[in-house]
2 protein chains.
Amino acid sequence: MRELVKAFKALSDETRLRILSLLMERGCCVCEVMQALDISQTRASRNLSALYDAGFLKLRKDGLWSLYSIDRDGMEKYFSNLVDAVRKALEGNKVVDMDRERLREAERVGPGCVTRMRK
Amino acid sequence: MRELVKAFKALSDETRLRILSLLMERGCCVCEVMQALDISQTRASRNLSALYDAGFLKLRKDGLWSLYSIDRDGMEKYFSNLVDAVRKALEGNKVVDMDRERLREAERVGPGCVTRMRK
DNA sequence: ATAGTATAAGCGGAAATGCGCATATAAGCC
DNA sequence: GGCTTATATGCGCATTTCCGCTTATACTAT
C-alpha cells in the first residue's frame with residue numbers, strides 16, 4: 001500500500017512525467033536530461049532519483065556519467081499500460097520535442113556539455 | 001498533462017486509496033465512509049471531493065446524503081486496469097475489512113448514524 | 001598533483017498539502 | 001418556526017514537497 005502511494009507520488013509531478021517521456025525515447029545521463037528539458041542540474045538529478053527510488057528507472061554508472069533508463073518491469077508492476085498512458089497523455093505536447101535539437105547537441109558534445117552548452 | 005498530474009496526485013494518498021477500495025465494493029455516503037474507515041468527517045469529505053475533482057467518482061445527492069460511487073469511465077480514462085491495480089495493491093490489507101461491521105451498522109442505522117454511533 | 005567535469009546532497013525558504021476545529025449551509029423532522 | 005443531521009468550507013497549523021544555492025564527492029585529463 002505504502003509502495004503504491006509512493007509510485008503515484010513519483011508520477012504526480014510535471015517535471016517527472018516529462019523526464020519519463022524523454023527516457024522512453026532513449027536512456028539519458030543527467031546532463032542530457034537537463035539540456036533537453038531546460039531545467040537545472042539539481043532539479044534533473046533530484047527528480048531522476050525520485051523516479052529511481054519509485055522503481056521506474058534503471059541506473060548504470062559509466063565514469064562521470066549516470067545513465068538512467070526506463071525500467072519496464074518497474075513501470076508495469078502495477079499498470080500494464082503505464083508506459084502507453086504516459087506517452088499518450090503527453091501526445092501533442094511539444095515540451096519534449098521542442099528541445100530535441102539541444103539533446104542531439106548534448107549527445108554530440110559529450111562530457112563537458114553542461115558548461116560548454118551554457119553559453 | 002496537468003490533468004494527468006492531478007489524477008496521480010489524487011491517487012498518491014493512503015486515505016484516498018482506502019476510500020477507492022471501499023467504494024469499489026459499493027457506493028457510500030460520506031458518513032458511511034467515515035464510519036467504515038474510522039476517519040473524521042472533514043477528512044472523509046475532503047478526500048472524497050479530491051477524488052471527485054480528479055474524475056474518479058460520481059456524486060448523487062439524496063436529501064441530506066451525498067452518495068459517492070466509482071466512476072468507471074473516469075477511473076479507466078488513463079489506465080484500463082486501474083481498478084484492478086488498486087484492488088490488488090490493497091489485497092490482504094485488513095484496513096477495510098476490519099470495519100466492515102461498522103459499515104453494516106451505519107447502513108442499518110441510517111440517518112443519524114454519525115452521532116448515534118459515536119458512543 | 002592540479003584543474004575540470006558530472007553528479008549528489010545539505011541547507012533554507014517558498015509553496016502546497018493534509019487535517020482538526022469551528023462554523024456555514026441545507027435538508028429533514030417535530 | 002426551532003432542532004437535528006449530513007455535508008461542505010474557512011482558518012490556522014504542522015508537515016511535506018520542490019527547488020535554487022552551494023558544497024561535497026568522485027572520476028578524468030593534463
Side-chain angles (χ1 to χ4, degrees), chain A residues 2 5-19 27-54 57 59-69 106-107 109-119, chain B residues 2 5-19 27-54 57-69 103 106-107 109-119:
Chain A
R2 269 269 150 260
V5 170
K6 187 175 182 177
F8 283 130
K9 269 205 166 67
L11 295 168
S12 57
D13 178 275
E14 184 164 340
T15 301
R16 288 194 286 276
L17 287 186
R18 292 179 67 206
I19 290 178
C28 289
C29 68
V30 180
C31 75
E32 285 173 323
V33 171
M34 60 185 283
Q35 301 291 339
L37 302 186
D38 194 28
I39 55 179
S40 74
Q41 187 268 323
T42 303
R43 199 166 169 178
S45 176
R46 286 247 165 77
N47 284 298
L48 281 163
S49 289
L51 288 169
Y52 179 83
D53 289 342
L57 302 183
L59 169 57
R60 186 169 64 79
K61 297 234 178 191
D62 178 18
L64 279 177
W65 305 64
S66 288
L67 202 83
Y68 287 95
S69 57
E107 182 178 26
V109 174
C113 68
V114 175
T115 44
R116 256 181 282 170
M117 286 182 62
R118 270 284 156 250
K119 47 182 185 291
Chain B
R2 269 270 151 260
V5 170
K6 187 175 183 178
F8 282 130
K9 267 203 168 67
L11 294 168
S12 56
D13 178 276
E14 185 165 338
T15 300
R16 287 193 286 275
L17 287 185
R18 293 178 67 205
I19 290 178
C28 288
C29 67
V30 180
C31 76
E32 284 173 322
V33 171
M34 60 184 284
Q35 300 292 339
L37 302 185
D38 195 28
I39 56 181
S40 75
Q41 186 267 323
T42 304
R43 198 167 172 178
S45 176
R46 285 245 165 77
N47 284 298
L48 281 164
S49 288
L51 288 169
Y52 179 83
D53 289 342
L57 302 184
K58 286 185 294 190
L59 169 57
R60 185 169 64 79
K61 296 236 180 192
D62 178 18
L64 281 175
W65 303 66
S66 287
L67 202 83
Y68 287 95
S69 57
L103 176 55
E107 183 179 25
V109 174
C113 68
V114 176
T115 43
R116 256 183 280 169
M117 284 180 64
R118 269 286 158 249
K119 49 182 184 286

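Lettering of chains follows the sequences in order, A, B, ..., and the numbering in each one begins at 1. None of the values given here were measured: they were computed from a predicted structure.
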Colleague: Rounded to whole angstroms, how far apart are CG on L59(B) and C1' on dA8(D)?
Modeller: 11 Å
Colleague: To the nearest 0.5 Å, what is the distance between SG (C28(A)) and CE (M34(A))?
Modeller: 13.0 Å
Colleague: In this structure, how many angstroms lie between the C1' atom of dA8(D) and the CH2 atom of W65(B), rounded?
Modeller: 16 Å
Colleague: Distance from L67(B) atom CG to E32(B) atom CD, nearest 0.5 Å?
Modeller: 7.5 Å
Colleague: Show each protein N/O and nucleotides 21-25 of chain C N/O combination with a separation under 3.5 Å, one pair to a line.
Modeller:
residue	atom	partner	partner atom	Å
dC21(C)	N4	T42(B)	OG1	3.2

Colleague: Atom CG of L51(A) to atom P of dA8(C): distance rounded to whole Å?
Modeller: 13 Å
Colleague: How many angstroms lie between atom CD1 of I39(A) and atom CD1 of I19(A), to the nearest 0.5 angstrom?
Modeller: 5.0 Å
Colleague: Nearest heavy-atom pair of S12(B) and S12(A): which atoms, and what distance?
Modeller: OG-OG, 3.9 Å
Colleague: How long is the straight-line distance from CZ of R2(A) back to NZ of K9(A), given to the nearest 0.5 Å?
Modeller: 6.5 Å
Colleague: Show each protein N/O and nucleotides 25-30 of chain D N/O combination with a separation under 3.5 Å, one pair to a line.
Modeller:
none

Colleague: Could you tell me how far apart D38(B) (CG) and dC19(C) (P) are, to the nearest whole angstrom?
Modeller: 14 Å
Colleague: Please list, chain by chain and in numerical order, all residues satisfying ring pair (Phe, Tyr, Trp, His ring centres under 6.0 Å) with F8(B), sequence neighbours excluded.
Modeller: F79(B)
Colleague: Provide the closest heavy-atom pair for R16(A) versus A50(A) in the form atom of the first, atom of the second, distance.
Modeller: CD-CB, 3.9 Å
Colleague: For S45(A), enumerate each residue passing the side chain to side chain contact (heavy atoms under 4.5 Å, CB included) test, keeping only those at least two apart in sequence or located in another chain.
Modeller: V30(A), Q41(A)
Colleague: Does a nitrogen or oxygen in the side chain of S40(A) sit under 4.0 Å from OP1 or OP2 of dC19(D)?
Modeller: no
Colleague: Would you mind reading off the distance between R60(A) atom CZ and dT7(C) atom P, rounded to a whole angstrom?
Modeller: 13 Å
Colleague: Answer yes or no: does a side-chain N or O of Y52(B) lie under 4.0 Å from OP1 or OP2 of dA8(D)?
Modeller: no
Colleague: Could you tell me how far apart M34(A) (CE) and dC19(D) (C1') are, to the nearest whole angstrom?
Modeller: 13 Å
Colleague: Starting from C1' on dA8(D), measure out to CG on L48(B) and report it in whole angstrom.
Modeller: 12 Å
Colleague: Taking atom NZ of K6(A) and atom CD of E14(B), what is their separation to the nearest 0.5 Å?
Modeller: 14.5 Å
Colleague: Write down the protein N/O and nucleotide N/O pairs, taken from nucleotides 12-18 of chain C, whose separation is under 3.5 Å; answer none if there are no such pairs.
Modeller:
residue	atom	partner	partner atom	Å
dG18(C)	OP1	R16(B)	NH2	2.8

Colleague: Is S66(A) close enough to dA6(C) that one of its side-chain N or O atoms is under 4.0 Å from OP1 or OP2 there?
Modeller: no
Colleague: Once rounded to the nearest 0.5 Å, what's the spacing between atom OG1 of T15(B) and atom CG of L37(B)?
Modeller: 8.0 Å
Colleague: Restricting to side chain to side chain contact (heavy atoms under 4.5 Å, CB included), what partner residues turn up for L59(A), sequence neighbours left out?
Modeller: Y52(A), K61(A), S66(A), Y68(A)
